[in-house]
Amino acid sequence: MIPVLRLDALSFAWPHQAPLLHIDRLQLMPGEHLLIQGPSGSGKTTLLNLITGLQSGHGGTLEVAGHSLVQQSSRALDRLRADHMGLLFQQFNLLPYLSLVDNVTLPCMLSNRRRAAASHQGLTPAQEAERLLTRLQLDPALFHQRTVAELSIGQQQRVAAARALIGCPELIIADEPTSALDHTNRNHFMTLLFEELQHSGSTLLMVSHDPALANHFPHTLNLGRMPSC
């Protein structure tokens, strides 16, 4: 079985600065979930940027879904992200002029692979988007009649999660997705997210400052201590 994420002797340093990251080994198999923690400046965001191909210049091996990120063209990296990664940003990055369903189905417009996966069991991508939004406990009355700009932060977060999940990408990358939520809504969101991950079989890599989130994960990596994993 091919790892969804494989890092070997991964290192990174900004020019003329001390090394920021060094991870001897990290491997995530399909369906595994990992939380990455660490203080500001420990390299969490840089690590996510390396894994998504938004930052180059690393040493060592970095593979996503069996594809090496070394010496890939910008177009190839765009295709790798579209086909194999679901991205859940801290600021959500939803398009405010689109409906909830149209926001969720955007990855299916960019990736034939995810569109085909979203169309399982005879559903259209729009119907799969509605299924995900319903599973994440959003009111169906909102799906087509309201833009995301009119939603609460918690509702926007669930729309962003549905967008990341649609089409069952092998790797979901979540950057501080619960930072704007209170304790109750944070735990509720995590429960819903893990229930849908169990359905999709996607691997989750999440970064957060919140130590309470460790209770939801079987594996954690603290970059402040720089362990190998």
Side-chain angles (χ1 to χ4, degrees), residues 33 35 45 48 51-52 54 78 81-121 123-210 213 216-217:
H33 305 143
L35 175 67
T45 297
L48 293 190
I51 292 171
T52 56
L54 298 174
D78 287 342
R81 283 189 291 270
D83 286 345
H84 302 285
M85 301 184 201
L87 305 180
L88 180 51
F89 302 97
Q90 184 175 358
Q91 301 301 323
F92 309 144
N93 290 2
L94 300 172
L95 298 182
Y97 49 84
L98 294 181
S99 70
L100 279 66
V101 168
D102 288 342
N103 264 282
V104 174
T105 56
L106 274 176
C108 299
M109 299 177 63
L110 301 173
S111 169
N112 291 333
R113 182 182 182 280
R114 289 179 69 178
R115 181 165 61 249
S119 302
H120 68 293
Q121 297 180 347
L123 297 180
T124 66
Q127 289 170 330
E128 173 63 2
E130 292 177 355
R131 186 195 70 80
L132 285 165
L133 291 168
T134 300
R135 285 285 298 115
L136 293 168
Q137 299 188 355
L138 280 158
D139 184 351
L142 302 176
F143 292 176
H144 296 283
Q145 298 180 3
R146 179 180 288 187
T147 67
V148 294
E150 298 173 286
L151 300 179
S152 69
I153 293 297
Q155 289 171 325
Q156 289 184 39
Q157 179 198 51
R158 282 174 276 167
V159 175
R163 183 184 59 187
L165 288 162
I166 198 167
C168 302
E170 288 97 325
L171 181 62
I172 305 288
I173 295 178
D175 185 8
E176 297 281 3
T178 63
S179 61
L181 300 181
D182 60 30
H183 171 81
T184 300
N185 285 323
R186 176 198 64 201
N187 289 340
H188 183 57
F189 171 77
M190 292 300 298
T191 297
L192 293 172
L193 177 62
F194 275 102
E195 287 176 356
E196 190 54 41
L197 285 169
Q198 185 175 12
H199 172 82
S200 68
S202 298
T203 296
L204 174 64
L205 178 66
M206 182 180 289
V207 160
S208 179
H209 286 92
D210 187 351
L213 288 182
H216 295 273
F217 286 82

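All figures in this text were calculated on a predicted structure; none of them were measured in a lab.
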Exercise. Testing Glu195, Glu130, Glu128 for salt bridge (charged side-chain N to carboxylate O under 4.0 Å, His left out) with Arg135, which one passes?
Worked result: Glu195
Sub-4.5 Å side-chain heavy-atom contact between [X] and [Y]:
X      : Y      : result
Val207 : Leu35  : no
Glu196 : Arg131 : yes
Leu193 : His33  : no
Met206 : His216 : no
Leu171 : Ile51  : yes
Gln90  : Ser179 : yes
Leu133 : Arg158 : no
Asp175 : Phe89  : no

Kindly compute the distance separating [atom1] ([X]) from [atom2] ([Y]), expressed to the nearest 0.5 Å.
X      : Y      : atom1 : atom2 : answer
Thr191 : Gln137 : OG1   : CD    : 10.0 Å
Leu54  : Leu87  : CG    : CG    : 7.5 Å
His199 : Leu165 : NE2   : CG    : 9.5 Å
Leu100 : Gln155 : CG    : CD    : 8.0 Å
Ser200 : Gln198 : OG    : CD    : 9.5 Å
Leu197 : Ser202 : CG    : OG    : 6.0 Å

When you measure from the side chain of [X] to the backbone of [Y], do you find a donor-acceptor pair of N or O atoms at a distance under 3.5 Å?
X      : Y      : result
Asn185 : Leu181 : no
Glu176 : His209 : yes
Arg115 : Cys108 : yes
Arg81  : Thr52  : yes
Arg114 : Cys168 : no
Ser111 : Pro107 : no

For this session: Go through the steps to decide whether Leu48 and Leu205 satisfy the test side chain to side chain contact (heavy atoms under 4.5 Å, CB included), and finish with yes or no.
Result: CA-CA 9 Å; Leu48 293 190; Leu205 178 66; 4.0 Å; yes
Problem set entry | NZ/NE/NH1/NH2 to OD/OE distance under 4.0 Å, Asp210 and Arg186 | yes
Problem set entry | Worked verdict on Val159 versus Leu94 for side chain to side chain contact (heavy atoms under 4.5 Å, CB included) | CA-CA 8 Å; Val159 175; Leu94 300 172; 4.0 Å; yes
Exercise. What class does the angle between the rings of Phe194 and Phe217 fall in, given that below 30° is parallel, 30 to 60° is tilted and above 60° is perpendicular?
Worked result: perpendicular
Might you point out which heavy atoms bring [X] and [Y] nearest each other, and give the distance in Å?
X      : Y      : value
Thr147 : Pro96  : CB-O, 3.1 Å
Ala160 : Leu88  : CB-CD1, 3.4 Å
Ser119 : Pro125 : OG-CD, 3.5 Å

